[in-house]
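Below is one structure; the comments refer to it alone.
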Number of protein chains: 2
Amino acid sequence: MTPSTTTLPTFADVESAARQIAGVAHKTPVVTSRAVNARTGAELFFKCENLQRAGAFKFRGAYNALSRLTPDERRRGVVTFSSGNHAQAIALAGQVLDIPRVIVMPSDAPEVKRIATEGYGGEVILYDREKEDREAIGKRLASERGLTLIPPYDHPHIIAGQGTAVRELIEEVGALDLLFVPCGGGGLLSGSAIAANAMQANCRVIGVEPAAGDDATRSFKTKQRQTVDNPKTVADGARTPSLGSLTFPLVLQYVADMATVDDPALLKTMFYLWERLKMVVEPTGALGAAAALDGTTPVRGQRVGIVLSGGNVDLTQVGNWVQYR
Amino acid sequence: MTPSTTTLPTFADVESAARQIAGVAHKTPVVTSRAVNARTGAELFFKCENLQRAGAFKFRGAYNALSRLTPDERRRGVVTFSSGNHAQAIALAGQVLDIPRVIVMPSDAPEVKRIATEGYGGEVILYDREKEDREAIGKRLASERGLTLIPPYDHPHIIAGQGTAVRELIEEVGALDLLFVPCGGGGLLSGSAIAANAMQANCRVIGVEPAAGDDATRSFKTKQRQTVDNPKTVADGARTPSLGSLTFPLVLQYVADMATVDDPALLKTMFYLWERLKMVVEPTGALGAAAALDGTTPVRGQRVGIVLSGGNVDLTQVGNWVQYR
């Protein structure tokens with residue numbers, strides 16, 4: 001039942017993850033807006049993962065992965081690296097399951113995410129994003145302390161767990177013509193694409209990245225894995241250097257197209273969601289909505305799913321961002 | 001079936017309003033938060049009227065009132081005065097019912113509320129809050145143009161309509177020990193108190209005002225109607241000069257106590273709701289939550305209802321407010 005870390009996850013793994021997280025993760029609501037539908041001429045369905053436990057979809061994969069560890073692995077604990085939402089998710093899932101957890105976070109991660117991670121009882125180790133390699137730090141801690149490394153996206157249980165959000169969305173609202181999903185390292189995107197493809201093969205899945213961190217878009221178009229170095233973008237959850245060894249082939253196989261959104265357009269959409277849906281969505285969480293609303297992918301007349309992936313926004317930045325509203 | 005404008009509304013009127021608005025107003029969700037419950041040691045149920053149509057509870061009363069006009073009254077149209085949320089609600093309810101509407105708004109109303117009102121097709125007339133009397137302007141327009149005046153709170157159909165939110169809340173979550181309700185002119189508060197009292201007589205209803213505009217609190221304590229003159233508070237929806245001739249006796253009859261919250265505490269709670277519930281709530285909408293969280297009314301061990309009355313926040317102000325987070 002447990003796939004190896006080099007086997008690509010399938011829809012059966014997503015269904016298994018859905019059973020694993022049932023009653024622990026929230027089945028998040030789907031919201032709609034007459035105003036947004038009128039503006040686009042489409043039917044938009046927003047899957048509110050900002051209302052997931054710890055404020056982002058990441059809890060799904062984190063709980064799925066941690067709850068499958070052996071008793072011995074649980075006792076020794078886990079280590080991960082993350083800019084924020086996966087960090088909080090591992091910290092909370094470890095709290096729920098009583099598993100020690102060490103979390104390697106960049107020193108410039110939003111303070112709200114670092115404080116929340118510590119609040120869930122995770123041991124936080126900061127690193128310098130410009131000079132240090134978080135994967136190397138994670139691997140070193142794993143070997144020194146006997147911890148199991150749970151990476152933020154390139155892991156079959158993580159990918160399968162993230163796929164459960166779109167499984168719920170399609171189960172609730174029925175057939176979709178299009179599905180827009182934020183893309184950082186591709187865990188949410190590939191899990192979502194596995195689910196959409198299995199449940200409804202003619203649904204076109206569009207992955208959306210910040211324009212400054214367009215490595216996955218370039219990888220998709222060239223069919224060669226491309227990287228980006230510390231992109232400057234407000235979408236702090238999508239500053240990952242590249243797709244992973246599992247997420248890259250899954251994106252190539254199941255995703256119909258990739259799109260990018262620049263920061264001003266992203267913030268404009270984020271505030272539009274705050275004002276129209278009354279939902280606090282973080283910049284990364286608004287990527288899918290921004291692409292759906294910007295007109296480059298025609299949506300008129302279609303049934304469109306959008307994953308609002310998280311809501312852990314740094315409110316101290318709003319004064320700087322509101323000029324783009 | 002139609003009460004006169006000088007008869008105090010009853011729970012039968014609230015039930016009639018619930019039938020009248022069914023399928024047009026949203027049955028808004030009730031949300032809970034483990035974090036908030038853990039912090040307070042209570043069970044808190046937040047009624048999300050920020051997710052109501054036009055972003056506030058006001059649509060309930062506005063639609064209830066407008067939909068009961070005679071064909072002749074509908075044809076001639078309505079006039080109202082409001083700092084914002086009632087304005088939007090009348091504009092939208094008039095759009096739905098195809099009734100012409102003139103809305104008298106203060107020139108310093110939040111721009112987001114004025115633009116939304118115009119967006120729903122209301123004719124907006126601005127007045128100077130310091131120098132002019134909005135009621136006099138409304139009455140003059142009513143008589144000059146043959147319009148029906150629909151005041152923002154002192155009207156039995158408005159009060160009965162606003163009471164439908166708490167009716168839904170108690171119907172959904174069951175018995176409550178305490179209920180915190182924001183108070184401006186007292187329409188929401190008295191409607192809520194009528195509903196709570198009828199459905200569950202031992203539920204203590206607490207009305208909550210901004211400290212700078214504590215006219216209702218003083219009126220409640222002295223049993224004489226007190227006024228306040230243009231109070232300076234971020235709770236722009238609660239800057240009303242006094243309770244009304246209908247809402248005052250209803251508050252005296254059904255409300256257990258009044259509380260006040262100063263602006264820094266109000267903004268701190270508002271941002272807490274944004275971060276914890278991921279819900280955009282406006283300052284006025286956070287009044288009930290602020291009182292429930294500030295410790296002056298003990299809530300530990302109790303089942304507590306809180307009306308989040310609106311979400312039409314002026315995002316351009318967030319940079320100035322975030323220091324109180």
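Protein chains get the first letters and strands the later ones, always in sequence-line order, with residue 1 at the start of each. Note that this is a predicted model, so its numbers are computed, not measured. Just the heavy atoms: all of them, side chains too, but no hydrogens, waters or symmetry mates, feed the values below.
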OG1 on A/T316 to CZ on B/F271, rounded to 0.5 Å: 10.5 Å

Please classify the contact between B/N312 and chain A as side chain, backbone, both or neither, with a heavy-atom cut-off of under 4.5 Å. both

A/K278 side chain vs B/G311 backbone, donor-acceptor pair below 3.5 Å: yes

State whether the number of non-hydrogen atoms from other residues, nucleotides or ligands found under 6.0 Å of A/K268 atom NZ is greater than 12. no

Options B/M279, B/Q323, B/R276, B/R34, ranked by heavy-atom pairs under 4.5 Å with chain A, top entry: B/R34

Residues in residues 38-52 of chain B that sit under 4.5 Å from chain A, counting heavy atoms only: B/N50, B/L51

Measure B/V322 against the heavy atoms of chain A and call it side chain, backbone, both or neither at under 4.5 Å. side chain

Do B/E275 and A/L315 come close enough that some side-chain heavy atom pair is under 4.5 Å? yes

